[in-house]
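Keep in mind it's a predicted model, so treat the numbers as computed, not measured. Chain letters run A, B, ... following the sequence lines, proteins first, then strands; residues in each count from 1.
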Amino acid sequence: MESWKDNPRVFWILALPGTFWLLCFFLLPLGIIWLMSFGEKTSITDVAITGTLANYLRAFDPVYLQILWKSIWVSGLATALCLLVAYPVAFAICFAPARWKPLLLLLVILPFWINLLIRTYALIAVFRTNGFVNYGLAFVYDLVGLSALLGPFQPLQLLYNDFAVIAGLVYVYMPFMVLPLYATIERLDRSYLEASLDLGASQSRTFLSVTLPLTMPGVVSGIILVFIPCLGSFLTPDLLGGANAVMIGNVIERQFKAANDWPFGGALSFLLMYATFFALAARSALAGRKSGMEL
Amino acid sequence: MSSFRPRFLPNRRHILGGGASALVGLTFLPRFAMSEEEKKLNFYNWDTYIGETTLADFNKATGIEVKMDLYADNDELFAKLKEGNPGYDVIVPTNDYVERMIKAGMLVPIDHAKIPNMSNIDKKFQDAAFDPGRKHSIPYMWGTLGIGYRKSKSDGVIDSWKVLLDSDKFAGKLSLLGDAQNVIGCTLKYLGHSFNTTDPAQIKEAEELLIKQKKNVKVFADDNGQDLLASGEVDACMEWNGDIIQVMKEDKDLAYAVPTEGTLLWQDCVCIPKGAPHPENAHMFLNFILDAENGKNIADTIQYATANAAAKALMGKEYQDNPAIFPPEEIIAKCEPGIYVGEEAIKIRDEAWTRIQAA
């Protein structure tokens with residue numbers, strides 16, 4: 001392959017827009033928030049960068065750690081559910097007739113055409129006490145005549161609890177799990193599966209010892225792509241969650257708005273980011289030891 | 001619900017607008033034309049908070065074209081203007097934010113000589129503690145924070161914060177607002193303290209009561225308590241009076257009560273933010289909405305209590321004598337306006353709020 005050094009001018013011209021974008025709209029704002037996390041508020045609108053660590057120390061207060069821990073397990077559970085649902089879906093798409101594939105993939109990404117906020121509001125209409133789920137259940141309930149036996153239908157409380165938050169997260173981030181899984185399963189050499197079955201391995205054995213390890217890179221990217229945005233989400237718990245729904249994203253959002261405490265908000269954001277980097281580094285270290293496994 | 005967008009970088013609108021007007025100035029316009037403002041006004045307002053035809057009427061009267069953007073809460077407004085005005089001429093902050101913005105030097109003094117209709121303002125609102133002499137703000141609407149409830153689900157009259165804050169009467173079927181200042185403030189009021197206290201011990205007391213009550217709370221609703229109430233999701237909620245009055249029109253089973261312990265008395269004001277590109281037009285707009293007929297049209301649409309006495313006089317009895325819009329004087333006497341409590345007290349309340357949420 002041609003090295004970029006052969007034609008540096010073309011390389012720089014092509015790289016310029018991307019670099020500019022990354023610098024101005026990613027690294028620079030992030031850098032300002034990072035600096036601010038070492039600052040103190042001096043008035044309603046001003047922050048002085050003093051190099052203080054007070055914001056980080058405050059973030060280690062048990063109440064924030066407790067919220068962080070809750071965010072981690074909610075995100076973890078949502079990611080696991082995404083994986084459980086997405087794996088068979090991705091598999092089905094891969095093994096579907098070729099002419100169906102584009103349509104099925106389109107269906108997976110179709111929700112992206114609608115704004116996240118609107119989709120979340122739609123979920124409210126689905127889950128609420130007088131929503132579509134309860135409406136459907138009540139219809140079936142009356143149809144089979146249970147109301148004569150057990151009294152009138154009691155609507156399920158589906159909204160404003162942890163169930164709703166996790167369902168919302170799974171719904172929103174499902175495509176991020178399906179797409180990387182689809183990409184790796186598609187590349188899977190099917191002759192391995194045939195060989196495994198020919199050599200007497202059962203279906204489940206083939207799945208566990210051949211398919212799963214070979215599609216592991218897709219699983220790992222899917223987990224990363226779902227878990228990280230889940231961890232930072234604030235809109236879903238805000239709209240669907242109940243009195244206990246607060247996640248670390250909500251606390252951070254509040255620091256930038258109602259509490260007007262950008263330095264502390266910056267510190268919380270960066271702690272979340274450090275934790276994510278740490279997890280990613282640990283993962284690549286583990287993968288490196290096992291070797292040969294590419295992301 | 002709004003997402004946060006940092007405002008550190010030079011704003012695109014600024015660059016484009018500034019660049020474009022510089023070009024226009026250089027090329028087409030003779031010097032004298034620059035003194036006349038272009039016929040535009042950028043209005044930053046709450047949703048459903050202006051008369052149905054007000055902006056069109058203003059355009060008809062003055063030829064000025066109004067572009068209106070919407071915000072959902074004062075924090076959004078404040079965060080957006082904090083790093084520099086992105087081009088708004090008129091904003092509508094609530095009294096404590098007016099105070100905060102005056103302290104931060106974010107508002108332009110209003111030239112009263114250009115607003116003869118100021119004489120239409122109700123005497124009570126001609127002056128204000130948060131803005132002495134009304135130098136920076138014109139009162140727009142005022143109201144209370146109270147209890148919206150479903151009559152058929154709440155045998156008896158609801159008139160106390162107790163049902164929301166210290167009882168299991170509506171267990172699992174009640175919602176409180178989603179922000180620290182107001183929820184903690186009302187709890188303080190119920191406990192007999194000031195809405196605006198900065199005493200950490202009193203705030204702690206409110207925090208403990210709210211943590212105890214939390215098992216009965218279905219949701220801390222940001223600003224949709226009236227929808228939850230109307231859809232039967234909750235039977236009682238803490239909400240702004242105008243929001244409840246709007247759903248009461250559609251559902252006769254709903255009611256609004258101002259708690260006898262007293263509550264927050266809020267006042268939204270029309271202000272001109274620093275850096276407004278069309279201050280002359282902004283003054284004309286302020287004068288226009290203070291006109292009796294125009295003020296009446298606004299009050300007619302949004303059903304909040306207007307601070308415009310001349311406009312109120314033109315409204316029907318149904319509006320003037322509605323206790324949900326204009327509570328009786330003896331209850332108003334117990335209410336307090338929210339004041340800007342200072343950054344330290346805001347932090348104490350925010351930390352208490354985080355503990356309540358996490359408990």
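- By the 6.0 Å contact criterion, OH on A:Y135 is open, its count of non-hydrogen atoms from other residues, nucleotides or ligands being 12 or less.
- Using a 4.5 Å heavy-atom threshold, the side chains of B:M106 and A:I44 count as separate.
- Comparing A:G242, A:A245, A:S43 by heavy-atom pairs within less than 4.5 Å of chain B, the highest count is held by A:G242.
- Of the atoms belonging to A:K41, it is side-chain heavy atoms, and not backbone ones, that fall under 4.5 Å from chain B.
- The minimum heavy-atom distance linking B:K218 with A:Q157 is given by the pair NZ-OE1, 2.7 Å.
- The local environment of CD in A:Q66 is crowded, with over 12 non-hydrogen atoms from other residues, nucleotides or ligands closer than 6.0 Å.
- Scanning residues 345-359 of chain B against chain A with a 4.5 Å non-hydrogen threshold yields B:I346, B:K347, B:D350, B:E351, B:W353, B:T354, B:R355, B:Q357, B:A358, B:A359, sorted by number.
- In this structure, chain B has a heavy atom under 4.5 Å from the side chain of A:R254, while its backbone stays farther away.
- More than 12 heavy atoms of other residues, nucleotides or ligands sit less than 6.0 Å from atom NZ of B:K215.
- Neither the backbone nor the side chain of B:L176 has a heavy atom closer than 4.5 Å to any heavy atom of chain A.
- For A:Y64, the part lying under 4.5 angstrom from a heavy atom of chain B is the side chain only.
- Residue B:A79 comes nearest to A:F256 through the heavy atom pair CB-O, 4.2 Å, listed as atom of the first residue, atom of the second, then distance.
- For the set A:T45, A:N244, A:N130, A:I67, the count of heavy-atom pairs under 4.5 angstrom toward chain B peaks at A:N244.
- Atom CG of A:N260 sits about 8.5 Å away from atom CG of B:D75, to the nearest 0.5 Å.
- The number of heavy-atom neighbours closer than 6.0 Å to NZ of B:K151, taken from other residues, nucleotides and ligands shown, is above 12.
- Remark: B:N224 CG to A:I124 CD1 distance equals 7.0 Å, nearest 0.5 Å.
- Few gaps surround OH on A:Y274; more than 12 heavy atoms of other groups in view lie less than 6.0 Å from it.
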*Report the C-alpha distance between B:F220 and A:V246 in whole Å, list the side-chain angles of each, state the deciding distance to 0.1 Å, and finish with yes or no for side-chain contact (heavy atoms from CB on, under 4.5 Å).*
CA-CA 10 Å; B:F220 292 105; A:V246 69; over 6 Å; no

